Engineer: 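The structure that follows is given in the form of structure tokens.
Along the sequence shown, the residues carry numbers beginning at 1. Predicted model only: the values in this text are computed from it and were never measured.
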Amino acid sequence: MVLEMAFPQLERAINPTHDIKLFAGRSNPKLAQEIADYLGTTVGPMVIKNFADGEIYVQVKESVRGDDVFIIQPLCNPVNENLMELLIIIDAFKRASAKSITAVIPYYGYARQDRKTSGREAITAKLVADLLTTAGANRVLAMDLHTGQIQGFFNILVDHIYATPILVNYINSLNINSDDMVAVSPDTGGVQRTRYFAKQIGCSLAIIDKRRDKHNEAIASHVIGDVKDKVCVMFDDIIDTAGTICEASKLLKKEGAKEIYVCASHPVFSGPAVERLANAPIKECIVTNTIPLEMEKMPPNIKQLSVAPLLGQAISRIHDDESISSLFGFEKDIQVS
């Protein structure tokens, strides 16, 4: 779903010589094509294949000497394969004398391991940043990083953008009275994000208090705030196994919520996630296409919106040395936690 009102079609013409050159790995070719269509250009030709032993082969099939190259590759499942593929693609463009290489990573894998919570753990978010830099990327364009401090792990330029305008625009299109709505943070870590959504929608705020005893396993204990007879809209950055969201939705229903909507940027949907969402008391789960979904296999309460216009605007502005933060107008207000 492309939100034309929020991001009208660009009028600038794409110069085929020494201009934007879009390329894509194999993790989300549909999103890459949507971005190309929005910009009025094409996805450049590459050969990407696996040898019999699994090694990845990449060859760029057109000259990129002196060009600004943008490589679209979310680090979704299979994350290790897609990460290695991105590194090899970057190396190919570096050796092809591209003027600049921007890794467009709508979903930044390994982001949740961003600090040591106990002894002898790896910090993979930093490791991936180092790998991208060593491979030859000059800049990273990422969407809704799990934590904002990941930007500081890089020694190259990072543009961090948000799916907020897409999600807020959709919620507003439902025409629900703001007095009957409450924005809900599924945990204390997402309060800043949810507070911004509440401000944009013009509704009140509630918080789910939860504890996590194991990885991918959360228990929602109680609600801070009034949700009785309200339309609850939960906001999160990632839905992985959907344990947090589904447990929170059951708790909200128990506390008297009228309807429950869920908004999230990245539909990782691991393991039992889809089945859980189908059986949870969630009227609609709204996600974006930073990660591809087979929508024909999804339950009817899952809706996917396209972030192609937003990424297209960001790519165009990077190329033209224009402001990206002005796309949002909230860079001083929101902190993603």
Side-chain angles (χ1 to χ4, degrees), residues 13-111 124 127-143 154-159 289-294 306-308 311-312 314-316 318-320:
I14 300 297
N15 183 346
T17 304
H18 299 295
D19 207 295
I20 295 175
K21 291 289 184 73
L22 283 184
F23 293 86
R26 293 178 290 184
S27 65
N28 198 342
K30 184 178 178 182
L31 174 59
Q33 188 57 57
E34 289 181 13
I35 294 170
D37 292 343
Y38 179 80
L39 288 168
T41 186
T42 58
V43 179
M46 280 196 300
V47 173
I48 307 175
K49 63 182 181 180
N50 290 79
F51 291 113
D53 64 351
E55 288 186 8
I56 299 169
Y57 171 84
V58 171
Q59 183 186 27
V60 183
K61 300 298 287 185
E62 69 178 34
S63 174
V64 294
R65 186 177 297 272
D67 290 326
D68 289 334
V69 170
F70 294 82
I71 306 162
I72 301 161
Q73 177 84 332
L75 302 181
C76 50
N77 187 41
V79 60
N80 297 332
E81 178 87 359
N82 288 329
L83 172 59
M84 195 66 206
E85 183 173 289
L86 176 58
L87 297 175
I88 294 171
I89 292 171
I90 291 170
D91 184 74
F93 281 109
K94 179 179 70 174
R95 298 178 190 282
S97 301
K99 179 183 176 183
S100 68
I101 302 169
T102 300
V104 181
I105 309 176
Y107 171 66
Y108 186 87
Y110 282 110
T124 57
L127 174 61
V128 171
D130 290 343
L131 290 171
L132 291 167
T133 304
T134 301
N138 304 110
R139 182 190 296 261
V140 167
L141 172 60
M143 176 170 281
F154 286 87
N155 291 323
I156 57 176
L157 298 171
V158 177
D159 290 298
N289 62 342
T290 58
I291 296 174
L293 296 178
E294 296 180 77
S306 178
V307 292
L311 288 168
I315 289 169
S316 177
I318 290 170
H319 176 72
D320 294 336

Engineer: So do the side chains of Ile56 and Arg26 get within less than 4.5 Å of each other, counting heavy atoms only?
Structural biologist: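 Touching, per the 4.5 Å side-chain cut-off.
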Engineer: Taking the side chain as every heavy atom from C-beta outward, state whether Phe23 and Val64 have any atom pair closer than 4.5 Å.
Structural biologist: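 They are in side-chain contact.
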Engineer: What's the shortest heavy-atom distance between Ala98 and Val69, and which atoms?
Structural biologist: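 Scanning both residues completely, I find the closest heavy atoms to be CB-CG2, 3.7 Å.
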Engineer: Arg139 versus Ile318: any side-chain heavy-atom pair under 4.5 Å?
Structural biologist: yes
Engineer: How many angstroms lie between atom CD1 of Ile89 and atom CE of Met84, to the nearest 0.5 angstrom?
Structural biologist: 11.0 Å
Engineer: How far does CE of Met46 sit from CD of Gln59, to the nearest 0.5 angstrom?
Structural biologist: 11.0 Å
Engineer: Using the test side-chain contact (heavy atoms from CB on, under 4.5 Å), find all partners of Ala36 that sit at least two apart in sequence or belong to another chain.
Structural biologist: Leu22, Gln33, Thr41, Val43
Engineer: Between Ala137 and Ile156, what is the shortest heavy-atom contact and its length?
Structural biologist: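 Answer, listing the atom of Ala137 first, then Ile156: O-CD1, 3.5 Å.
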Engineer: Let's go through Asn289 and Lys30 carefully: what are the C-alpha distance in whole Å and the side-chain angles of both, what is the deciding distance for side-chain contact (heavy atoms from CB on, under 4.5 Å) to 0.1 Å, and is it a yes or a no?
Structural biologist: CA-CA 9 Å; Asn289 62 342; Lys30 184 178 178 182; 6.0 Å; no
Engineer: How many angstroms lie between CG in Asn28 and OG1 in Thr290, if you round to the nearest 0.5 Å?
Structural biologist: 8.0 Å
Engineer: What's the shortest heavy-atom distance between Lys21 and Asp67, and which atoms?
Structural biologist: NZ-OD2, 2.8 Å
Engineer: Does a side-chain heavy-atom distance below 4.5 Å link Leu31 with Leu311?
Structural biologist: yes
Engineer: Do you know which two heavy atoms are closest between Ser27 and Gln73, and how far apart they sit?
Structural biologist: OG-OE1, 2.8 Å
Engineer: Determine whether Ile90 and Leu86 make a side-chain contact, defined as any pair of heavy atoms from C-beta on separated by less than 4.5 Å.
Structural biologist: yes
Engineer: Minimum heavy-atom separation for Ala314 and Leu141, please, with both atom names.
Structural biologist: CB-CD2, 3.9 Å
Engineer: Is the shortest heavy-atom distance from the side chain of Tyr107 to the side chain of Asn77 under 4.5 Å?
Structural biologist: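 Answer no - side chains too far apart.
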Engineer: Taking side chain as C-beta onward, heavy atoms only, is Ile105 less than 4.5 Å from Leu132?
Structural biologist: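 Yes, side chains in contact.
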Engineer: List the residues meeting salt bridge (charged side-chain N to carboxylate O under 4.0 Å, His left out) with Glu294, not counting sequence neighbours, and say none if there are none.
Structural biologist: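 Applying salt bridge (charged side-chain N to carboxylate O under 4.0 Å, His left out) to Glu294 gives Lys297.
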Engineer: I'd like to check Tyr110 versus Leu83 (side-chain heavy atoms, cut-off strictly below 4.5 Å). Are they in contact?
Structural biologist: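 Side chain of Tyr110 against side chain of Leu83, heavy atoms only: contact under 4.5 Å found.
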Engineer: Ser100: what forms a side-chain contact (heavy atoms from CB on, under 4.5 Å) with it, not counting sequence neighbours?
Structural biologist: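 Ser100 satisfies side-chain contact (heavy atoms from CB on, under 4.5 Å) with Asp68, Asn138 once adjacent residues are dropped.
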Engineer: Among Asp159, Val140, Ile72, Ile71, find the residue that satisfies the side chain to side chain contact (heavy atoms under 4.5 Å, CB included) test when tested with Val104.
Structural biologist: Ile72
Engineer: How long is the gap from OG on Ser316 to CD1 on Ile35, to the nearest 0.5 Å?
Structural biologist: 12.5 Å
Engineer: Using only atom types and a distance under 3.5 Å, with no angle test, would you say the side chain of Thr133 pairs donor to acceptor with the backbone of Ala129?
Structural biologist: yes
Engineer: List the atom of Pro45, the atom of Glu62, and the distance in Å for their closest heavy-atom pair.
Structural biologist: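 Minimum heavy-atom separation between Pro45 and Glu62: CD-OE1, 3.2 Å.
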Engineer: Where the side chain of Asp53 meets the backbone of Glu55, is there a donor-acceptor pair that is under 3.5 Å apart?
Structural biologist: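 Judged by distance alone, yes, a pair lies under 3.5 Å.
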